[in-house]
2 protein chains.
Amino acid sequence: MATARPRVQGHAGPSMQDVADAAGVSVGTVSNVLNHPAKVSPATAERVREAIGRLGFVRNDAARSLVSGSTNSIGMVLADIENSLFIDMAHGAQDAARAVGQNLLLANTACDMTLQDDYLDLFDESRVTGVLLAPMEESSAGIARIRSHGRQVVLLNYAPKPGTCCSVLVNNEHVGYLAARHLIDTGRTRLAYVVAHDDYQPVRDRRRGVRAAVEEAGPDVSLEEIDSVGLTTVHGHTVGQDLARRAPGDLPDGLVAVTDELANAIIHELHTVAGIRVPDRIAVVGCENNRTAGTAAVPLTAVDMPGRMMGREAIRLLMDEVASDGRHRHATVVLEPELIVRASAPS
Amino acid sequence: MATARPRVQGHAGPSMQDVADAAGVSVGTVSNVLNHPAKVSPATAERVREAIGRLGFVRNDAARSLVSGSTNSIGMVLADIENSLFIDMAHGAQDAARAVGQNLLLANTACDMTLQDDYLDLFDESRVTGVLLAPMEESSAGIARIRSHGRQVVLLNYAPKPGTCCSVLVNNEHVGYLAARHLIDTGRTRLAYVVAHDDYQPVRDRRRGVRAAVEEAGPDVSLEEIDSVGLTTVHGHTVGQDLARRAPGDLPDGLVAVTDELANAIIHELHTVAGIRVPDRIAVVGCENNRTAGTAAVPLTAVDMPGRMMGREAIRLLMDEVASDGRHRHATVVLEPELIVRASAPS
DNA sequence: CAACCTGATTAAAGCGCATCAATCAGGGGG
DNA sequence: CCCCCTGATTGATGCGCTTTAATCAGGTTG
């Protein structure tokens with residue numbers, strides 16, 4: 001056995017030099033075995049591979065990307081990993097990234113903008129191929145920062161400031177429209193729209209769609225907008241309890257909730273707790289078609305967001321932009337939602 | 001403006017040298033401003049920081065970790081990002097990692113062992129601080145490989161080969177025991193255990209617990225083990241349909257499903273489709289307490305797995321091992337599950 | 001036999017940063 | 001006036017790899 005080179009602490013593991021020594025070749029040849037096997041004679045390659053196996057050599061990705069100036073990884077920053085829409089986007093992106101030889105690294109911000117900025121910076125410093133960002137809130141500052149360093153970003157499910165980056169969106173106005181329209185088409189006339197965080201662009205868009213459908217229906221259909229404190233289950237319970245306390249005549253007969261969580265919680269309070277039957281007394285539609293929608297106590301009619309496809313499209317846009325060394329025009333891909341009819345608002 | 005240094009294509013962005021030139025100092029000083037601010041006089045530091053901002057300098061993490069031989073990131077490989085247990089583990093790990101100044105990078109293998117190995121190797125090559133692995137199947141080959149390179153691994157929710165690495169487990173035998181015991185305690189006598197993939201260690205352990213509870217109950221309680229093809233919803237539907245076709249006398253009156261998905265799908269076929277009331281005719285218990293358990297058509301009684309805490313513990317073990325330069329003894333943390341009683345098997 | 005070509009291999013030059021010994025400036029004490 | 005001490009700064013070195021030009025061995029051709 002060859003004697004080991006002296007090493008400072010912390011720098012464990014054999015290097016290419018060690019492999020080269022063991023195989024009786026130069027480092028350049030070892031590198032070629034790994035990256036351009038065609039350039040190396042079969043016999044030498046075999047000898048090198050044997051040495052690699054014997055020494056347990058692991059290529060140092062830091063050195064590799066230091067030289068090449070780039071990596072093989074795409075970073076994806078997700079605002080809420082608990083939401084199945086985001087999971088779907090990650091899944092679609094994963095598949096597409098893999099197909100183009102890139103690894104997808106996920107980071108969860110749990111809706112914390114500080115964490116989001118940290119992860120954007122981390123990916124920036126890591127020189128990833130590009131970044132996919134699926135935020136909850138306006139994030140143009142962070143995007144601008146890393147874009148100014150030349151790092152490519154594709155925004156998911158949130159409209160960017162015009163011309164700042166590529167994005168993949170769902171036609172959220174149509175989401176709201178489809179939801180309200182379904183209720184109107186099935187004979188509901190006193191609609192309610194439960195909403196919170198009107199400062200989030202997707203939320204705003206959905207509201208516009210709901211309003212459009214109601215206006216289109218003429219004076220026979222009314223719309224009440226109910227402000228919730230937040231978008232999650234706890235807030236839905238509050239809204240549901242408030243509704244349950246109303247005089248029967250004041251109750252809407254059709255309700256659109258801006259998130260599935262809100263919808264399910266409201267149904268729980270009305271239907272299960274207060275005995276106000278869904279959909280008989282009031283039909284409910286959600287706006288995400290989360291994983292839970294189909295298995296809920298009252299299966300939820302919801303407008304489906306095509307998360308998988310969004311992820312795939314985002315990777316496509318990103319790789320397009322990365323490839324186009326020269327001029328690149330930012331693009332926005334808008335995918336259409338689809339209504340999934342279930343028991344909470346049958347046809 | 002100083003003239004830009006000539007640059008080969010691909011190596012965009014200002015380097016420390018550029019910053020140093022702009023601020024009229026040496027690279028060493030710029031490095032110190034970033035890493036040891038106390039060593040630099042306030043005036044110089046300010047000048048350097050100004051230059052950093054003006055040039056849009058971004059530290060190159062590859063070079064950084066090439067020198068230091070390590071990174072600031074922990075890699076977490078998850079078998080199934082769709083399962084809320086894994087999400088919970090990621091969440092807990094994230095919080096704990098952040099508390100010790102590490103970034104958590106997530107990777108989803110979608111139960112694909114090839115992908116799992118790829119990500120393990122990626123993290124290995126990236127010289128991450130350590131790796132958290134929450135696999136679906138036996139993974140000792142991959143673990144052994146990267147451990148042999150000196151990379152630390154903590155295994156989550158899957159027992160390692162003795163002495164090979166640290167791990168955080170749930171007492172899965174007790175999971176099965178609690179589930180079966182609850183049915184027995186509430187008067188059920190003809191139990192069934194629906195199971196698949198007996199080659200997965202957690203699945204095996206749960207079975208042992210179920211059997212133990214039944215044996216403990218004596219001859220008045222019987223146990224039938226029903227083999228499912230798989231662990232997911234489609235397989236549950238099949239099992240449910242088979243059960244629904246049985247003669248009423250042949251039906252068990254209590255059922256433990258090894259996953260929540262199986263449980264919910266079985267309840268759907270029995271209760272909703274076939275009209276065999278749950279829990280009246282048959283009580284059902286799940287073994288994970290997934291996010292959907294509480295909101296299902298029939299809220300699911302399930303044994304809860306403490307995912308958040310598992311994630312936190314895993315980070316703790318990992319950092320312990322990383323810190324202990326000298327001798328380290330692998331540890332296994334076993335967390336106890338807890339029964340959550342809901343409508344599908346009331347008390 | 002010289003000139004030339006081809007394929008395999010090598011030696012050397014960095015990539016951008018952290019680190020550390022060496023240097024420098026500026027007092028204060030003797 | 002010289003020496004030493006302190007704090008700030010510098011310059012040089014090397015981390016492990018990829019890449020490129022240079023070298024070499026072994027044919028082939030004129």
Side-chain angles (χ1 to χ4, degrees), chain A residues 4-48 52 55-72 124-127 149-150, chain B residues 4-48 52 55-72 124-127 149-150:
Chain A
R5 284 192 307 157
R7 289 192 168 283
V8 290
Q9 57 85 21
H11 288 259
S15 71
M16 268 196 173
Q17 184 64 63
D18 298 327
V19 173
D21 293 350
V25 298
S26 72
V27 278
T29 299
V30 178
S31 176
N32 278 334
V33 169
L34 260 34
N35 302 309
H36 310 282
K39 291 189 172 180
V40 180
S41 76
T44 311
E46 186 41 49
R47 206 147 32 92
V48 169
I52 287 177
L55 270 53
F57 166 75
V58 179
R59 159 154 87 327
N60 186 324
D61 205 52
R64 183 183 168 74
S65 68
L66 175 57
V67 173
S68 68
S70 65
T71 68
N72 237 24
D124 195 9
E125 293 181 0
S126 301
R127 304 291 194 268
H149 303 149
Chain B
R5 284 193 309 158
R7 287 193 169 285
V8 290
Q9 57 85 21
H11 288 258
S15 69
M16 268 198 172
Q17 185 63 63
D18 297 327
V19 173
D21 293 349
V25 298
S26 72
V27 278
T29 299
V30 177
S31 176
N32 279 334
V33 169
L34 260 34
N35 302 309
H36 310 282
K39 291 189 173 180
V40 181
S41 76
T44 310
E46 186 43 47
R47 207 148 31 91
V48 169
I52 287 177
L55 269 54
F57 166 76
V58 179
R59 179 178 52 209
N60 186 323
D61 206 52
R64 183 181 167 74
S65 66
L66 175 58
V67 172
S68 69
S70 66
T71 67
N72 237 23
D124 195 10
E125 293 180 1
S126 302
R127 303 292 194 268
H149 304 150

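Every chain is numbered from 1, with letters handed out A, B, ... down the list of sequences. Nothing here was measured: the structure is a model prediction, and the numbers come from that model. In what follows, every heavy atom counts, from backbone to side chain, and hydrogens, waters and symmetry copies are set aside.
Contact check for B/Asn60 versus A/Arg127: side-chain heavy atoms found under the 4.5 Å cut-off.
Each of B/Ala62 and A/Gly24 was matched to the nucleotide of DNA chain C holding its nearest heavy atom; the match closer to the 5' end belongs to A/Gly24. Nearest-nucleotide mapping onto DNA chain D: of B/Thr44 and B/Ala63, the residue sitting toward the 5' end is B/Thr44.
If you measure from atom CZ of A/Phe57 to atom P of D/dG16, you get 10 Å, rounded to the nearest angstrom. Atom CD1 of A/Ile52 and atom C1' of D/dG16 are 14 Å apart (whole Å). If you take CG of A/Leu34 and P of D/dT18, they are 7 Å apart, rounded to a whole angstrom. Rounded to an integer number of Å, the gap from B/Arg127 CZ to D/dC17 C1' is 11 Å. If you measure from atom CD of A/Glu125 to atom P of C/dG16, you get 15 Å, rounded to the nearest angstrom. When rounded to the nearest whole Å, the span between CG of B/Asn60 and P of D/dC17 equals 16 Å. D/dA12 atom C1' lies 16 Å from atom CE of B/Met16, rounded to whole Å. Going from atom CG of B/Asp21 over to atom P of D/dT10 covers 11 Å, rounded to whole Å.
When the side-chain nitrogen and oxygen atoms of A/Ser26 are compared with OP1 and OP2 of C/dT9, none of them lie within a distance under 4.0 Å. Distances shorter than 4.0 Å separate none of the side-chain N or O atoms of A/Ser65 from OP1 or OP2 on C/dC15. At the phosphate of D/dT18, OP1 or OP2 sits under 4.0 Å from a side-chain N or O atom of A/Arg64.
Of all non-hydrogen atoms in B/Ser70 and B/Ser65, the two that sit nearest each other are O-CB, 3.1 Å. Counting all heavy atoms, side chain and backbone alike, B/Val27 lies closest to B/Ala20 at N-CB, 3.7 Å. Scanning all heavy atoms of the two residues, the minimum distance from A/Asp124 to B/Val58 falls at OD2-CG2, 3.7 Å. Of all heavy-atom pairs between A/Ala45 and A/Val40, the closest is N-CG1, 3.7 Å.
Within the nucleic acid shown, A/Val30 has no heavy atom closer than 4.0 Å to any nucleic acid atom. Within 4.0 Å (heavy atoms only), B/Ser41 reaches sugar-phosphate atoms of the nucleic acid but no base atom.
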Enumerate the protein-to-nucleotides 19-25 of chain D contacts in which both atoms are nitrogen or oxygen and the separation is below 3.5 Å.
from: D/dT19; atom 1: OP2; to: A/His36; atom 2: NE2; distance (Å): 3.3

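Put simply, OG on A/Ser41 and CG on A/Asn32 are 11.0 Å apart, with the number rounded to the nearest 0.5 Å.
Each of A/Val25, A/Val30, A/Thr29, A/Leu34 was scored for a side-chain contact (heavy atoms from CB on, under 4.5 Å) with A/Val19, with one residue passing: A/Val30.
Nearest to the side-chain atoms of B/Thr29 among the listed nucleotides D/dT10, D/dC17, C/dC15 stands D/dT10. In the set D/dC17, C/dC17, D/dT10, D/dC17 carries the atom at the smallest distance from any side-chain atom of A/Ser15.
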